[in-house]
Amino acid sequence: MGKEKYEFKAETKQLLDLMIHSIYTNHEIFLRELISNASDAIDKAHFESLTDRSLLEGDENFEIFLTPDAEQHTLTIADNGIGMNREELIENIGTIAKSGTKAFLEQLKKAKEENKDLTDKEMIGQFGVGFYSAFMVADQVTIVSRKAGDAQAWKWESSADGSYTIEEAERVERGTSITLHLKKEFCGKEAEQDFTDPYEIERLVKKYSDYVRYPIKMDFTFEETPKDKDGKEIEGAEKIKKVETRTLNSMQPLWTKNKSEIKKEEYNEFFKHQFHEWEDPMEVFHTKAEGAVEYTALLAIPAHAPYNLYQTDYEPGVQLYSRHVFIMDKCKDLLPDYLRFMKGLVDSPDLSLNISRELLQQSRELRTIGRALEKNILKALARKLKNDREAYEKFWNEYGKSLKIGIYNSIYSGSSDTVDKLKDLILFLSSKEGKLVSLKEYVERMPESQKKIYYATAKDKETIEHLPQMETLRDKGIEVLYLLDPVDEFCLETIHEYEGKPFHSISRGDLDLDDAESQEVKKETEEIQKDNGDLMKDIKEVLGDKVADVKVSARLKSSAVCLVADEAGPSLAMEQTFADMKNPLFKAKRILEINPHHELFQRLQQLHTAGKDSQDFKDYCDLLYTQALLIEGILPENPVDFANKVAKLMAK
Ligand code: ADP
Ligand code: MG
């Protein structure tokens, strides 16, 4: 097969453009990216060789080799990892198939539109555009790769001009060499930063890649004056060149060191390197346990939640090691799903190297370790909530949703103790001071006459604050939790009650307020309801199956109407969530409540005297209902009809 030329996809081009016109100031990180890819490729070779030794072709000395060349203006990163065949070069390098990159580009566009200043820290790592970072420093990149077990090697080449070529190549060792043809700014003594300088490369490897578990080697060339047999330099002799291969990284796994000997920066650097993070982690857990099961765990909560934490393409899980030997990436059976944001690793001599993934995931040891770690993490979170509110709220803003989903999902997973474990860790915004509160805080300060925990659901705070029902509660000083995320209501429904106090949506059923005044209003409302039974019945008839019931309201102050849901079924907000998920199965039973003290009420009574079939009465009923919908943030099914009716009324 000869040399073939391919066009990059539009997205890839876009990404390459970004790299070339360097939106990032921290150019040197390209080296860490390429070394990390090399190390991943060696992991894969190692892993696959466990079942097929022949793949190693007799070469078991895994290593990464760096070759800076000042004369050629190149830097080559070579590994003897798994390598890539022709298809894989096209798939993995030539195309950006990963949804993450798309999200990255969108995020970037958005940030630009909002004139936000982006730092590289915030961006690349989250989206893993690793390989392409090479184009920050190189104007041409050549890859030569031979897949372990294949005879044929391939050469991939691109100058980032919208296309790349692939052709047959020769390569003796398995694995991949990536040669960067460095831009002027990045080679030579005059350069901004010289990536052909071995000492600069050494510095970068130590800074970013010290823990890589395979040796990263480089040749250093010295000039030496020849010596005589007594070891004395021979005067006047011509200097000779000597080459020495050195390993640049220490390779000592950080977690095997003593906790007291590890500096915070070391933990930070480790996590950034090992888990492709760009910012220091929010919290690090380093635990050693000796007991029934012996293990060391080094876990962290990253500074930010990845953009896809709740999407199906997110792969949770921690790394597993046995006696410092890597067994598995992303073991998702160690920690419960609600801790899916945790990054890190567990090293245990009790985990067997040689059993299959499936068996390993079911192993008793793994479960024991997982449970102990879960407990530690939850304890640490509870401590944070108690002692460092600001830090906890930062955590909550990044990962709170994960805990709430965890509570909700416990219905399905059958892990009934999840609710108990998590209910004291969740926070909601509340009507009191507009701050986040825990359920405990809410219950502790509620007046004695209050029997329920009230909440309201909407897309944003403003909508809730303008809900007609809020007025009464605000006047009575009753705190209301704001449920702003679709999962919130499902979460509370799952918790069911807190310290014997049931949750109650202010848009659902009766408000059930117990103070004397409320009781009074309730009685009065019941009377008005009785006196206006026919009116209510006829409004309901006009509205047909749009509503399940029409009632005189005890919860309204200045607004004329509101829509509430029946006690038993899902709320209106839940209905909207289901509708968004294209699951119209769950329909809230809508109850239209009318304020008997509003002028409109009298008008209705008046119109009603003409009978339920009068056009004016019908129009009024319809308008009332649509108003109530709009207040809830739900658009009327027929906006034109609504507008026409309003216009007609205005013209009167
Ligand atoms: P990521 O490492 O997050 O997957 P990259 O852009 O860094 O993203 O790399 C893209 C893909 O290219 C990798 O997932 C891998 O399949 C392939 N790749 C990159 N470098 C190498 C290498 N040295 N050896 C084998 N495969 C590689
Ligand atoms: Mg990578």
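In this chain, residues are counted from 1 in sequence order. Every number for a ligand or one of its atoms is a count from 1 in the order of the listing.
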J.: Test your reading of the model: is there a side-chain donor-acceptor pair from Arg174 to the backbone of Arg146, 3.5 Å cut-off?
T.: no

J.: Can an N or O of Asn37 be found at a distance shorter than 3.5 Å from an N or O of ligand 1?
T.: yes

J.: Give a yes/no answer: is there an N/O/S atom of Ser36 under 2.8 Å from the Mg ion (ligand 2)?
T.: no

J.: Do the side chains of Glu374 and Arg371 get close enough for a salt bridge, i.e. N-O under 4.0 angstrom?
T.: no

J.: Any salt bridge between Glu244 and Lys242, counting N to O under 4.0 Å?
T.: no

J.: Backbone, side chain, both or neither: what part of Met84 comes under 4.0 angstrom of ligand 1, heavy atoms only?
T.: side chain

J.: Side chains of Thr368 and Asp350: closer than 4.5 Å at any heavy-atom pair?
T.: no

J.: If the test is ring-ring contact (aromatic ring centres under 6.0 Å, His included), which one of Tyr310, Phe275, Phe395, Tyr314 qualifies with Phe341?
T.: Phe395

J.: For Asp79, which part has a heavy atom under 4.0 Å from ligand 1: side chain, backbone, both, or neither?
T.: side chain

J.: At a non-hydrogen distance cut-off of under 4.0 Å, which region of Asn92 contacts ligand 1 (side chain, backbone, both, or neither)?
T.: both

J.: Could you tell me whether some N/O pair between Phe131 and ligand 1 is separated by less than 3.5 angstrom?
T.: yes

